[in-house]
Amino acid sequence: MEKIERYSKPVAIGILLLVIMFVWLIVVLPYHSSIMEKYRDIERLQRKLSTLQNLEQSKDKIAGQYRSIMNNRSLDAIYINKGNGVIAGARLQGMVRRLVEKHGSVLTQSSIKKESEEKTGSITLHVAMTGSVESTYKIFHEIENSMPVMIVANVNLSGTQAAYRHSASKNMLTASFEVTAYVK
């Protein structure tokens, strides 16, 4: 009996420790894990909230910068004043015609592509002309470096048939291209 009493206390303590570990594994650990997961979710949501608040604060700053840029009259020089699409197209045609004539070339065709204005806020003009290589280069250079901003695209160059017969017209080109200008 003495042996039983002697081992009963350590056995009872061992059983008690097993019960405590069992309760810890079954009840406390899952509860602790769910609490930790909730804390991680709270931290994640706080980071999102902080990011959204920063965006909200920067939105007002960016909107102010946008308004100041749009109210800057010095930027008006890069746009063709709209009026309406036809007027802006006519202005662009007149500008290109004057440039072509200024450099001694002949404008053979000039037509507005209306669909580009509605999509992008720009006017695109299809141009065909005949002139020397030097004048064509000068025209492209002046179009690309002028105000309002104009962009040359879809350039097709070809020599005239007279270029093979007469040495004086050797450097004559027929050029077709598109000029795009932005409309305000």
Do you reckon [X] sits in the same ILVMFWY cluster as [Y], going by side-chain contacts under 4.5 Å, direct or chained?
X	Y	answer
Met95	Val106	no
Val152	Tyr137	no
Tyr31	Met36	yes
Ile20	Val11	no

Considering non-hydrogen atoms only, spot the tightest contact between [X] and [Y] and give its length.
X	Y	answer
Ser176	His126	CB-CE1, 4.2 Å
Leu157	Ala175	CD2-CB, 3.4 Å
Ser110	Leu107	CB-CD2, 4.1 Å
Ser105	Gly131	OG-CA, 3.5 Å

Pair Leu18-Phe22, side chain to side chain contact (heavy atoms under 4.5 Å, CB included): steps then yes or no: CA-CA 6 Å; Leu18 285 174; Phe22 182 73; over 6 Å; no
Atom pair [atom1]/[atom2] of [X] and [Y] - distance to nearest 0.5 Å:
X	Y	atom1	atom2	result
Asn154	Phe177	CG	CZ	11.5 Å
Ile143	Thr180	CD1	OG1	10.5 Å
Leu125	Arg97	CG	CZ	12.0 Å
Met129	Thr136	CE	OG1	3.5 Å

Between the side chains of Lys38 and Asp41, is the shortest nitrogen-to-carboxylate-oxygen separation below 4.0 Å, so that they form an ion pair? no
Are Glu56 and Lys59 within salt-bridge range, i.e. N to O under 4.0 Å? yes
Can you check whether Leu92 reaches Met150 side chain to side chain, under 4.5 Å on heavy atoms? yes
So Lys138 and Glu142, salt bridge (Lys or Arg N to Asp or Glu O under 4.0 Å) or not? Walk me through it. CA-CA 6 Å; Lys138 289 177 183 176; Glu142 197 164 332; over 6 Å; no
side-chain contact (heavy atoms from CB on, under 4.5 Å) with Ile139: which of Glu144, His103, Glu134?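 That would be His103.
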When you look at Met172 and Thr130, which way does the side chain to side chain contact (heavy atoms under 4.5 Å, CB included) test go after all the steps? CA-CA 7 Å; Met172 295 300 285; Thr130 303; 4.2 Å; yes
With no hydrogens and no angle check, is any side-chain donor or acceptor of Thr51 less than 3.5 Å from a backbone partner on Arg47?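 Yes: the side chain of Thr51 pairs with the backbone of Arg47.
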Residues which pass side-chain hydrogen bond (donor to acceptor under 3.5 Å, both in side chains) with His141, listed by chain and number, not counting sequence neighbours: Asn145
